[in-house]
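Worksheet for the structure shown next.
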Amino acid sequence: MTATDQMRAMLDQLMGTGRNGETDRYTLKFNDNKVCKSFLLGCCPHEILASTRMDLGECPKVHDLALRADYEKAAKSKDYFYDIEAMEHLQAFIADCDRRTDAAKKRLAETQEELTAEVAQKANVVHQLAEEIGKKLAKAEALGEAGEVEESMKLMEEIDELRAKKVRAEHEYRSSMPASTYQQQKLRVCEVCSAYLGIHDNDVRLADHFGGKLHLGFMAIREKLTELEKTAGPRKADLRRSGRSGEREYEERSRSRYYVGGRELDRRSRVHRSRSRERANKSSRRSSRSRSRSRSRTSSRRRSYSRERDRERERSRR
């Protein structure tokens, strides 16, 4: 995005579609069914998870900062119930992702050697300490980059204490099981973003995970959902009971929704892997054809050289 595009986007976000006095420049209004209502409230998963391992691709509905600015102005004088719609969108998305997490846990239970209750508890202690270290380390790095050095140093002191606890916990865990079993990578699934975490992961790997865009994006989605359930949940029940005119508009929008959750994400992931294999196969075929043409040209040059040499010999005999 060029500097001009960035300035235009900032002006759209601040002043809306009529920033140049052009009231008819936009044929699409913020209350159109084609506009993503979750985006208007700043919580569309397509936008939050963009450029991550779980990128959902482009949202099927319109995202426009100018339309968001128009909505924020209009919402001061009228209730459009978009927070209820956004809540239901995030509930559908998180429900699918939680099912995905449960499926990953079941796969681990089937593939990893089952531990006794005592050993499993010690392994969980190691995991919890490692996760806490990773979270604090990611936060300390963010504070350091923001110039808050003292706060960052305090966190590093806490991290050192946690590391000492983790060493003791790892020793207890290691001594409670055979060495061959300990060497096996024991995995667990992150409850927030469903990524796999290993008991032998180092602090840097954990900090990269907990401070990464994917994990932070899922945290933002879950926190926004919790906030909406507290505010929009009771309003949804009141809307149903009162039977106000806004309910009809809300129901009409409900029929045109399109939610993308974990199942769609899995499907897109399979499509992506399939396309990657197709590209690899095409590349291999092109390479094979290139080698074949190269061998053919080499053979042709050799035959040509051989014929030329025979002609020279024939001329020398004459």
Side-chain angles (χ1 to χ4, degrees), residues 13 35-57 59 61 63 65 68-69 71-72 75 79-105 127-146 148 151-152 155 158-159 162 188-197 206-239 257-265:
Q13 186 175 6
V35 178
C36 177
K37 303 307 184 292
S38 297
F39 169 78
L40 296 181
L41 275 79
C43 60
C44 180
H46 292 266
E47 181 183 38
I48 296 173
L49 299 179
S51 303
T52 68
R53 182 172 55 83
M54 293 188 180
D55 193 326
L56 295 168
C59 182
K61 294 198 172 186
H63 286 199
L65 291 172
R68 179 189 285 174
Y71 163 70
E72 290 173 351
D79 190 350
Y80 291 90
F81 307 102
Y82 291 170
D83 55 341
I84 299 176
E85 190 167 336
M87 177 187 70
E88 293 177 347
H89 183 183
L90 297 189
Q91 283 175 336
F93 175 77
I94 291 298
D96 271 353
C97 290
D98 286 344
R99 281 192 288 269
R100 193 167 179 267
T101 300
D102 292 338
K105 289 180 178 178
H127 271 300
Q128 289 167 4
L129 289 170
E131 289 181 15
E132 195 171 350
I133 290 171
K135 291 175 183 177
K136 287 184 179 293
L137 190 57
K139 187 176 180 180
E141 290 175 356
L143 288 172
E145 291 175 359
E148 299 181 19
E151 294 294 328
S152 178
L155 274 178
E158 295 178 13
I159 290 169
L162 289 172
R188 71 185 299 174
V189 182
C190 178
E191 298 289 345
V192 175
C193 64
S194 75
Y196 288 108
L197 300 173
L206 293 168
D208 288 342
H209 169 77
F210 290 109
K213 186 176 180 180
L214 176 65
H215 185 84
L216 294 178
F218 268 97
M219 280 186 63
I221 292 172
R222 291 179 182 276
E223 288 172 0
K224 184 65 175 181
L225 176 57
T226 302
E227 176 189 336
L228 288 173
E229 285 176 338
K230 290 179 180 178
T231 57
R235 293 178 66 252
K236 179 181 177 181
D238 292 340
L239 182 65
R257 293 176 196 169
Y258 179 79
Y259 295 150
V260 175
R263 291 175 180 174
E264 176 67 8
L265 189 150

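Remember, predicted model here, so these are calculated numbers, not experimental data.
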Mind checking side chain to side chain donor-acceptor pair (under 3.5 Å) for E158 and listing every partner two or more places apart, or none if nothing turns up? K136
What are the two closest non-hydrogen atoms of [X] and [Y], and how far apart are they?
| X | Y | result |
| --- | --- | --- |
| C43 | L90 | O-CD2, 3.3 Å |
| A138 | A207 | CB-O, 3.7 Å |
| F210 | L216 | O-CD2, 3.5 Å |
| A195 | R53 | CB-NH2, 3.6 Å |
| C44 | F39 | CB-N, 3.9 Å |
| S38 | A86 | OG-CA, 3.7 Å |

Output the distance between atom [atom1] ([X]) and atom [atom2] ([Y]), rounded to the nearest 0.5 Å.
| X | Y | atom1 | atom2 | value |
| --- | --- | --- | --- | --- |
| Y71 | Y82 | OH | OH | 7.5 Å |
| L41 | M87 | CG | CE | 11.5 Å |
| L206 | I133 | CG | CD1 | 8.0 Å |
| F81 | D83 | CZ | CG | 8.5 Å |
| E223 | L225 | CD | CG | 11.0 Å |
| D55 | L214 | CG | CG | 10.5 Å |

Salt bridge (Lys or Arg N to Asp or Glu O under 4.0 Å) assessment of R222 paired with D98: CA-CA 11 Å; R222 291 179 182 276; D98 286 344; 2.9 Å; yes
Beyond-backbone contact of [X] with [Y], side-chain heavy atoms, under 4.5 angstrom:
| X | Y | answer |
| --- | --- | --- |
| V35 | K37 | yes |
| L49 | I221 | yes |
| E229 | K236 | no |
| P45 | H89 | yes |
| M54 | F218 | yes |

By ring pair (Phe, Tyr, Trp, His ring centres under 6.0 Å), H209 pairs with (sequence neighbours left out) H215
Among all residues two or more places apart in sequence or in another chain, which pass the salt bridge (charged side-chain N to carboxylate O under 4.0 Å, His left out) test with E132? none
Hits for side-chain contact (heavy atoms from CB on, under 4.5 Å) against E151, two or more places apart or cross-chain, chain-then-number order -> L143, E148, K154
Residues two or more places apart in sequence or in another chain: which of them pass side-chain contact (heavy atoms from CB on, under 4.5 Å) with D208? V204
Give every residue pair that meets the salt bridge (charged side-chain N to carboxylate O under 4.0 Å, His left out) criterion with at least one member in residues 38-48, sequence neighbours excluded. E47-R68
Side-chain donor/acceptor of S194 to backbone N/O of C190, under 3.5 Å: no
Just wondering, are more than 12 heavy atoms of other shown residues or ligands nearer than 6.0 Å to NZ in K105? yes
